[in-house]
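All remarks here apply to the structure that follows.
Proteins get letters first, then strands, A, B, ... in listed order; numbering begins at 1 in each.
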There are 2 protein chains.
Amino acid sequence: MDTNHAVSAFAALAQPTRLEVLRLLVRAGAPGMAAGDIAARLDVRQNTLSANLAVLVGAGLLRRTREGRSIRYFADMEGLRDMLAFLLEDCCGGNPALCAPVLDDLTCAC
Amino acid sequence: MDTNHAVSAFAALAQPTRLEVLRLLVRAGAPGMAAGDIAARLDVRQNTLSANLAVLVGAGLLRRTREGRSIRYFADMEGLRDMLAFLLEDCCGGNPALCAPVLDDLTCAC
DNA sequence: TCAATATTTCCATAATTCATGAAGTATGGA
DNA sequence: TCCATACTTCATGAATTATGGAAATATTGA
């Protein structure tokens, strides 16, 4: 992960539809969702959504597989982790107490 | 935290200088850094940096306090956490194993 | 009060991003 | 083979964003 790659990942999330797509797919989990279902759920035109999905795939935040006529999209949790790790790199270098609160609250109660 | 707020936070990081500024300040920890020092370290003009710092402050990712002639900037770890929490919301809803790898690798060894 | 330092604000220009309509590609069924 | 469905790609114009020069503001010390 370098700065350019990370920038493209953050840029991918810097747009309401794309951010909601990723959140939706994070919640959807392993089964993911077909492009058409995402479009219906978020009330976005198919071609607009397609362009936005392509941006997220290019940024390494989504993966896809064809399934019959549909194309199914999934959140790429590895890509997500890489992006966050790049951002928080060495946050503990000086003072562990600084980054702990960030991570503690993220460890969702599962 | 709503979608618009989160979008502005991600947009703030969707630019190389700003991303490096936040990473630098995350590493710098509690003492933060003066604007001039950041500019020198990242080799960016002061007015350009000033505009970029303003974007990060507006996005809730940085805070600042005046200190004599300098203005000292700090990473806002709460803002950072809110942004990440919004993104990962309900990732565990279906399957804890899905989000665990993301968070495990982020818990830096401190 | 004057000069120097540290930083921000203003403004114009250049570059990037976005949604849309229209056309194209892939798959499955009659 | 023909048609319908599910998506993607392309071209375009409108809106947003980034950068750098010049000027403005705030603080400190002589």
Mark yes when over 12 heavy atoms from residues, nucleotides or ligands other than B/R63 sit less than 6.0 Å from its CZ; otherwise mark no.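 Incorrect, the count does not exceed 12.
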
In this structure, are over 12 heavy atoms from other groups packed under 6.0 Å from A/D2 atom CG?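 Count over threshold, so yes.
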
Side-chain N,O (A/R64) to OP1/OP2 (D/dT8) below 4.0 Å: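 Checking A/R64 against D/dT8: at least one side-chain N or O falls below 4.0 Å of OP1 or OP2.
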
Below 4.0 Å: OP1/OP2 of D/dT8 and any side-chain N or O of A/Y73: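 Checking D/dT8 against A/Y73, a side-chain N or O does come within under 4.0 Å of OP1 or OP2.
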
Distance from [X] atom [atom1] to [Y] atom [atom2], nearest 0.5 Å?
{"X": "B/D76", "Y": "B/D82", "atom1": "CG", "atom2": "CG", "answer": "8.0 Å"}
{"X": "B/L22", "Y": "B/R27", "atom1": "CG", "atom2": "CZ", "answer": "10.0 Å"}
{"X": "A/M83", "Y": "A/E78", "atom1": "CE", "atom2": "CD", "answer": "14.5 Å"}

Pick base, sugar-phosphate or nothing for B/R72, based on heavy-atom distances below 4.0 Å to the nucleic acid.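 If one applies the 4.0 Å heavy-atom cut-off, B/R72 turns out to touch nothing in the nucleic acid.
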
Using a heavy-atom distance cut-off of less than 4.0 Å, which residues of residues 36-55 of chain A contact DNA chain D?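 Those residues whose heavy atoms fall under 4.0 Å from DNA chain D, taken from residues 36-55 of chain A in numerical order, are A/G36, A/Q46, A/N47, A/S50.
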
Rounded to whole angstroms, how far apart are [atom1] on [X] and [atom2] on [N]?
{"X": "B/R69", "N": "D/dT27", "atom1": "CZ", "atom2": "P", "answer": "11 Å"}
{"X": "A/Q15", "N": "D/dT17", "atom1": "CD", "atom2": "P", "answer": "12 Å"}
{"X": "A/R66", "N": "D/dA6", "atom1": "CZ", "atom2": "C1'", "answer": "7 Å"}
{"X": "A/L56", "N": "D/dT8", "atom1": "CG", "atom2": "C1'", "answer": "15 Å"}

Could you give the start and end, 5' to 3', of the contact zone on DNA chain C for chain B, using atoms under 4.0 Å from its heavy atoms?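 Range of nucleotides touched by chain B: C/dA4 to C/dT9.
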
Residue met sooner reading DNA chain C from 5', once A/T17 and A/E67 are mapped to nucleotides: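 That would be A/T17.
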
Joint cluster assignment, B/V55 & B/F74, ILVMFWY side-chain distance < 4.5 Å: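 Each belongs to a different hydrophobic cluster.
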
Check: B/R23 and A/F86 side chains under 4.5 Å, non-hydrogen atoms: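 Answer yes - side chains close enough.
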
Verdict with reasoning, A/L24 to A/L42, per side chain to side chain contact (heavy atoms under 4.5 Å, CB included): CA-CA 9 Å; A/L24 184 59; A/L42 300 180; 4.1 Å; yes

Hey, mind stepping through B/L88 and A/L84 against side chain to side chain contact (heavy atoms under 4.5 Å, CB included) and telling me if it holds? CA-CA 11 Å; B/L88 296 175; A/L84 301 184; 4.3 Å; yes

